[in-house]
Chemist: 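Below you'll find the structure I mean.
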Protein chains: 2
Amino acid sequence: MDSSDSYVLERQVGFVMRRAVQRHIAIFSSLIPEMTPTQFAALAKLCELGQTSQNELGRLTSMDVATVKGVVDRLRARDLVTAAPLESDKRRLMLAPTRKGRALYRKYAQQAAEVTRQTLAPLDEEEQRQLMQLLERLI
Amino acid sequence: MDSSDSYVLERQVGFVMRRAVQRHIAIFSSLIPEMTPTQFAALAKLCELGQTSQNELGRLTSMDVATVKGVVDRLRARDLVTAAPLESDKRRLMLAPTRKGRALYRKYAQQAAEVTRQTLAPLDEEEQRQLMQLLERLI
DNA sequence: CACAGTCTATTAGTACACAAACGAAATATG
DNA sequence: CATATTTCGTTTGTGTACTAATAGACTGTG
């Protein structure tokens, strides 16, 4: 039996998802060139919550501890986020968006929703719902 | 109007796909710890074709020129792939799997298909087909 | 033939993403 | 209360992914 029967690259979910993500990122960076999807996700979550620790932010945005540190460092370097150790628990680094960070989030929240619309544009509304639901069940 | 109405992180395709890819990669590396999904994709395509230029391999596996170079370099370093400039067109770097590369591909082709099965396991067969078709239309 | 445009590969730079290991701080348990 | 465990953040190392710039090789057209 030929192993090429059981494995065809183009039919693997991993490959198809990778390509879909590539297209999504291209759309994102054309609509929001000022920051990456990951940075926007972190900033958005932080604006939603007001403040959190770096670690919890990572959990809420599905980022590794090492990844979230890098993302937060870059947001801090651009003065979009502030960080300060928590008095009552000195392990924790509390984060909050700056005024500039909030402004940037507000500026792009609509655009970010538009990124999703454009990414899903090849599908009709019913299919979009289906896709989202199926993807969520994969997690 | 509140911008949080229009943007909720968890409802964006990008976020959901990113998480699904994360889970997929975790499954992949538990079943095939010896190489990454990208490396396997490149090796698989090369085994399928026998030989190609580095550039074309990139196009066929949806990798950037810079990305494919890194991936191929690592495969070459492990003696899974050979590379030689093409006589008739000295710009091109022709690649081919080594015997060792073919053996590794054969060893894991089944497992790689299994990765797809496990990734899609939360869905029934009909849903799996739907998801794949919907994703393909996003590309 | 010349030379403009195209194709291929490489390099440098930036940004995610994860594993592993570390130290410091907090909590749990005996 | 002492110590074992857990939590949090950082660092290091490897790998993917894209941009932009560069250089060499080919192709097409004048």
Chemist: Heavy atom of residues 62-91 of chain B under 4.0 Å from DNA chain D: which residues?
Modeler: D64(B), A66(B), T67(B), V71(B), R74(B), S88(B), D89(B), K90(B), R91(B)
Chemist: Hey, where on DNA chain C does chain B first and last touch, going 5' to 3'? Cut-off is any atom under 4.0 Å from a heavy atom.
Modeler: dC7(C) to dC18(C)
Chemist: Output every pair passing side-chain hydrogen bond (donor to acceptor under 3.5 Å, both in side chains) with a member in residues 78-90 of chain B, not counting sequence neighbours, ordered by first then second residue.
Modeler: D89(B)-R91(B)
Chemist: Not counting sequence neighbours, which residues clear salt bridge (Lys or Arg N to Asp or Glu O under 4.0 Å) with K100(B)? List them please.
Modeler: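 Once residues adjacent in sequence are excluded, K100(B) has no partner under the salt bridge (Lys or Arg N to Asp or Glu O under 4.0 Å) criterion.
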Chemist: Among residues at least two apart in sequence or on other chains, which ones pass salt bridge (Lys or Arg N to Asp or Glu O under 4.0 Å) with R76(A)?
Modeler: none
Chemist: Less than 4.5 Å apart, side chain to side chain, heavy atoms only: is that true for M17(A) and M17(B)?
Modeler: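 The answer is no, as the side chains (C-beta and beyond) never meet within the 4.5 Å cut-off.
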Chemist: Is the shortest side-chain heavy-atom distance between Y7(A) and Y105(B) below 4.5 Å?
Modeler: yes
Chemist: With a 4.0 angstrom cut-off to heavy atoms of chain B, pull out the first and last contacting nucleotide of DNA chain D, in 5'-to-3' order.
Modeler: dG15(D) to dC26(D)
Chemist: Looking at residues 19-29 of chain B, who's got a heavy atom less than 4.0 Å off DNA chain D?
Modeler: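 Heavy-atom cutoff 4.0 Å gives no residues at all.
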Chemist: Just distance, no hydrogens or angles: give the donor-acceptor pairs under 3.5 Å from side chains in residues 46-53 of chain A, sequence neighbours left out.
Modeler:
unit_1	atom_1	unit_2	atom_2	d
E48(A)	OE1	K45(A)	NZ	3.2
S53(A)	OG	E56(A)	N	3.1

Chemist: Among residues two or more places apart or on two chains, list those pairs meeting side-chain hydrogen bond (donor to acceptor under 3.5 Å, both in side chains) that have a residue in residues 12-29 of chain A.
Modeler: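 Checked against side-chain hydrogen bond (donor to acceptor under 3.5 Å, both in side chains) - neighbours excluded - the pairs reaching residues 12-29 of chain A are Q12(A)-T116(B), R19(A)-S62(B).
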Chemist: Does any non-hydrogen side-chain atom of L104(B) lie less than 4.5 Å from one of M35(B)?
Modeler: yes
Chemist: Quick one: are L131(A) and Q128(A) in side-chain contact, heavy atoms under 4.5 Å?
Modeler: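 Sidechains of Q128(A) and L131(A): no contact.
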Chemist: Taking for each residue the nucleotide of DNA chain C with the nearest heavy atom, is it T38(A) or E56(B) whose nucleotide lies nearer the 5' end?
Modeler: E56(B)
Chemist: With E125(B), which residues qualify under side-chain contact (heavy atoms from CB on, under 4.5 Å), at least two apart?
Modeler: R129(B)
Chemist: Has the side chain of T98(B) got a donor or acceptor atom that lies under 3.5 Å from a matching backbone atom of L80(B)?
Modeler: yes
Chemist: I'd like to check the ring pair (Phe, Tyr, Trp, His ring centres under 6.0 Å) partners of F28(A); sequence neighbours left out, ordered by chain and number.
Modeler: none
Chemist: E127(A): what forms a side-chain contact (heavy atoms from CB on, under 4.5 Å) with it, not counting sequence neighbours?
Modeler: L123(A), D124(A), L134(B), R137(B)
Chemist: If each of R18(A) and M94(A) is mapped to the nucleotide of DNA chain D with the nearest heavy atom, which maps nearer the 5' terminus, i.e. the 5' end?
Modeler: M94(A)
